[in-house]
Amino acid sequence: MAQLTILEFPDPRLRTRAVPVQVFDAALERLIADMLETMYAAPGIGLAATQVNVHQRLIVVDVSEGRNEPQVYINPVILARDGTELSEEGCLSVPQVFEPVERAERVTVRAQDAHGEFFERELSGLLAVCVQHEMDHLEGKLFVDYLSSLKREHIRRRLEKERRERAGAPRSRAGRDARVASGGKVI
Ligand code: NI
């Protein structure tokens, strides 16, 4: 297994629309394993293939306390949505930014597993938020797109400034860990 590099906003590759997964083979299983390792190490509760520059319709999530209940959704489609929920979101591709986003409270998702088998699942709470956030990534959409353009531009400038400041220095994970510990959802 290997940790993959996570693209960060405003990298234009994050705007790529992913294509359906058509081949369910050992290479796909390796990609899933690498994405899970990357997500757990980050640490985050979800990761879309788009974020590691693989433009196929594949997401991994784990919202469990024990971080031991990975879920994989390949070619996911939302069949039904119900209710609305406003919750604070973060994103591994938009480090250190947490903003409220409105999502459906419950969704019914159809997807395929690593072997290509179809399944349907009703999701609610954090898992529903997380899967909707990850599915946006597959469309080239980021959670900051739900904010005002003024706010998004402010975030972009702040991230670019931080990136310049830490250029050449090893990347600190401490800030992210603290956010996760305080309940921020890094998706
Ligand atoms: Ni994200």
Side-chain angles (χ1 to χ4, degrees), residues 3-19 21 31-32 34-64 67 69-78 81 85-105 107 109 111 123-149 151-156 158-160 162-163 171 173 175-187:
Q3 274 188 46
L4 307 168
T5 302
I6 298 175
L7 302 178
E8 293 187 359
F9 176 71
D11 193 311
R13 291 172 290 182
L14 286 167
R15 298 308 189 177
T16 313
R17 189 161 188 270
V19 300
V21 172
L31 173 62
I32 292 167
D34 288 348
M35 283 177 59
L36 283 168
E37 185 181 340
T38 305
M39 177 189 79
Y40 287 127
I45 60 171
L47 187 70
T50 309
Q51 291 175 277
V52 293
N53 202 28
V54 175
H55 301 287
Q56 296 193 37
R57 305 185 81 78
L58 158 65
I59 67 174
V60 296
V61 304
D62 188 344
V63 297
S64 70
R67 313 281 289 148
E69 294 171 34
Q71 297 187 16
V72 179
Y73 296 80
I74 299 171
N75 301 328
V77 177
I78 293 181
R81 357 177 150 239
E85 186 177 14
L86 190 69
S87 60
E88 195 177 66
E89 294 186 18
C91 178
L92 294 173
S93 293
V94 192
Q96 320 289 343
V97 175
F98 294 84
E99 294 288 345
V101 175
E102 191 176 289
R103 305 272 185 192
E105 197 179 351
V107 291
V109 175
L123 314 177
S124 61
L126 180 55
L127 182 57
V129 169
C130 184
V131 167
Q132 288 173 83
H133 174 117
E134 301 312 334
M135 286 181 66
D136 272 356
H137 277 300
L138 302 180
E139 301 301 328
K141 190 167 183 176
L142 296 167
F143 86 104
V144 292
D145 297 347
Y146 293 98
L147 310 175
S148 72
S149 56
K151 204 165 206 174
R152 191 165 49 252
E153 183 60 14
H154 174 76
I155 289 167
R156 185 185 67 74
R158 203 178 92 199
L159 291 179
E160 288 186 333
E162 284 171 6
R163 222 162 280 149
R171 179 165 191 170
R173 299 278 182 194
R176 285 183 185 174
D177 290 344
R179 301 279 187 145
V180 168
S182 70
K185 304 178 187 88
V186 187
I187 313 178

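Remember, it's 1-based here, ligands and their atoms both numbered in the order they're listed. Position 1 is the first residue of the sequence, and the numbers go up from there.
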Just so I know, are the side chains of Ile155 and Leu147 near enough to count as touching, which here means a heavy-atom distance under 4.5 Å? yes
Going by heavy atoms in the side chains, are His137 and Ile59 under 4.5 Å from each other? no
Only one of Val19, Leu138, Thr50 forms a side chain to side chain contact (heavy atoms under 4.5 Å, CB included) with His55, so which one is it? Thr50
Within a strict 4.5 Å, meaning less than it, do heavy atoms of the Gln51 and Thr38 side chains meet? no
At less than 2.8 Å, how many protein N/O/S atoms surround the Ni ion (ligand 1)? Leave waters out. 3
Partners of Glu139 by salt bridge (charged side-chain N to carboxylate O under 4.0 Å, His left out), sequence neighbours excluded? Arg17, Arg57
Hey, is Glu153 close enough to Arg156 for a salt bridge, meaning N to O under 4.0 Å? yes
